[in-house]
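For reference, the structure is listed below as structure tokens.
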Number of protein chains: 2
Amino acid sequence: MYIEIDFNSDEAIYMQLHNQIILGIATSRFREGDSLPSVRQLADTIGINMHTVNKAYTILKQEGYLKVDRRRGAVIAIDVDRIRALTELKRELQVILAKSSCKNISRAEVHEMIDEIYGNYGGQENAVTIYR
Amino acid sequence: MYIEIDFNSDEAIYMQLHNQIILGIATSRFREGDSLPSVRQLADTIGINMHTVNKAYTILKQEGYLKVDRRRGAVIAIDVDRIRALTELKRELQVILAKSSCKNISRAEVHEMIDEIYGNYGGQENAVTIYR
DNA sequence: GGTTCTGTTATACAAATATTATAACAGGCT
DNA sequence: AGCCTGTTATAATATTTGTATAACAGAACC
């Protein structure tokens, strides 16, 4: 587990942890079926409170990234609710694209950046390397 | 001014206001040079405290969307810092694309959504309607 | 069976943040 | 002079965030 927490960030610790785990899944550092450390153990190695880790795990569960196996702890298990995911994506994109548009970032530049970032993530399309 | 605040949202009021004004600029409902209502007036029409509006305006100023003219109040004035804007865009995209990737949303779908949303925004490219 | 680890829940507390409330000041407008 | 502007200060309250301790039940291990 390589988790980096910036205690000077204005982003809440549980959110940083939450986001980094999602990043980890997207980049295949964590894979479906992998177990995450126990809340106490991870809290200990990071140096934060158990409840902060628990909060991140709880949210990840609600969002369908984790499931709890009594014997194996928190296990990566993606539950795909496409409609929900698409709705959230759109809502988030609306704001950040508005910002980009105001700052004269062209549509083409956004597309480029998407490709650049998505290249590091493993969507199902990534099994087939050819794209466009 | 058509501003909608959801008081049951988990998003802070000043943030909702902030985002909606940026949305308004991107969709040309507000244009460079337009004045926004005074902090007191807008606070009154929305039914919130003056300081909450002031906070939104202050942040928009820091981010380069507004300037204050002593005689005209808060005026839309975009200050483009491309490097900063691109950096922020990338940082934000990394997280939401990771989520999308985990939820099996393909790169092509993201591109489509970008086009769909960006079509409503007025980048400089929009003057020329032809794209791709 | 006893010990240890797990997730979960409850409670309490401190710190930071968000929101409201009043008030004041200086500059521009009419 | 009176009104509206942005700005600042200060205080009070509510909510959120993070920490601290404790307990419980289920699974694992010896």
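None of the values given here were measured: they were computed from a predicted structure. Sequence lines set the chain letters: A, B, ... in the order given, protein chains first and strands last, and positions in each chain run from 1.
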Check residues 88-95 of chain A and write down every donor-acceptor pair under 3.5 Å in which the side-chain atom is one partner and the other belongs to a residue at least two apart or another chain.
| from | atom 1 | to | atom 2 | distance (Å) |
| --- | --- | --- | --- | --- |
| A/Glu88 | OE2 | B/Lys99 | NZ | 3.1 |
| A/Lys90 | NZ | B/Glu116 | OE2 | 2.7 |
| A/Glu92 | OE2 | B/Lys99 | NZ | 3.2 |

The reported gap from CZ in B/Phe30 to CG in B/Leu23 (rounded to nearest 0.5 angstrom) is 9.5 Å
Check the hydrophobic clustering (I, L, V, M, F, W, Y; side-chain heavy atoms under 4.5 Å; chains of links allowed) and say if A/Ile46 and A/Val39 are grouped together. yes
Choose from D/dG18, C/dA21, D/dT7 the nucleotide whose nearest atom is closest to any side-chain atom of A/Ala12. D/dG18
d(CG, B/Asp69; P, D/dT7) in whole Å: 11 Å
Does A/Met15 share a hydrophobic cluster with A/Tyr65, counting links as ILVMFWY side-chain heavy atoms below 4.5 Å and allowing steps through other members? no
Output the rounded distance in Å from CD1 (B/Ile46) to P (C/dT19). 12 Å
Any side-chain N or O of A/Lys55 below 4.0 angstrom from OP1/OP2 of D/dG18? no
Without decimals, in angstroms, what is the distance between B/Ile13 CD1 and C/dA21 P? 11 Å
Does B/Ser38 have a side-chain nitrogen or oxygen under 4.0 Å from the phosphate oxygens OP1 or OP2 of D/dC4? no
With a 4.0 Å cutoff (strictly under), does any side-chain N or O of A/Gln41 reach OP1 or OP2 of C/dC5? no
With a 4.0 Å cut-off on heavy atoms, is B/Lys67 in touch with a base, just the backbone sugar-phosphate, or nothing at all? nothing
Does OP1 or OP2 of C/dA18 have a side-chain N or O of B/Thr52 closer than 4.0 Å? no
Of the listed nucleotides D/dT8, C/dT8, D/dG18, the one nearest the side chain of A/Tyr14: D/dG18
A/Leu42 and A/Ile48: side chain to side chain contact (heavy atoms under 4.5 Å, CB included), yes or no, with the steps? CA-CA 8 Å; A/Leu42 184 53; A/Ile48 59 177; over 6 Å; no
Looking for any heavy atom pair under 4.0 Å, which part of the strands does A/Arg40 touch: base, sugar-phosphate only, or nothing? base
Nearest to side-chain heavy atoms of B/Met50, which nucleotide of C/dT20, C/dA18, C/dA23: C/dA23
A/Asn54 CG to C/dT6 C1', straight-line distance once rounded to whole Å: 11 Å
Between A/Gly47 and B/Gly73, just flag the one whose closest nucleotide in DNA chain D comes earlier from the 5' side. B/Gly73
Please confirm whether any donor atom in the side chain of A/His51 sits under 3.5 Å from an acceptor in the base of D/dT21, or the reverse. yes
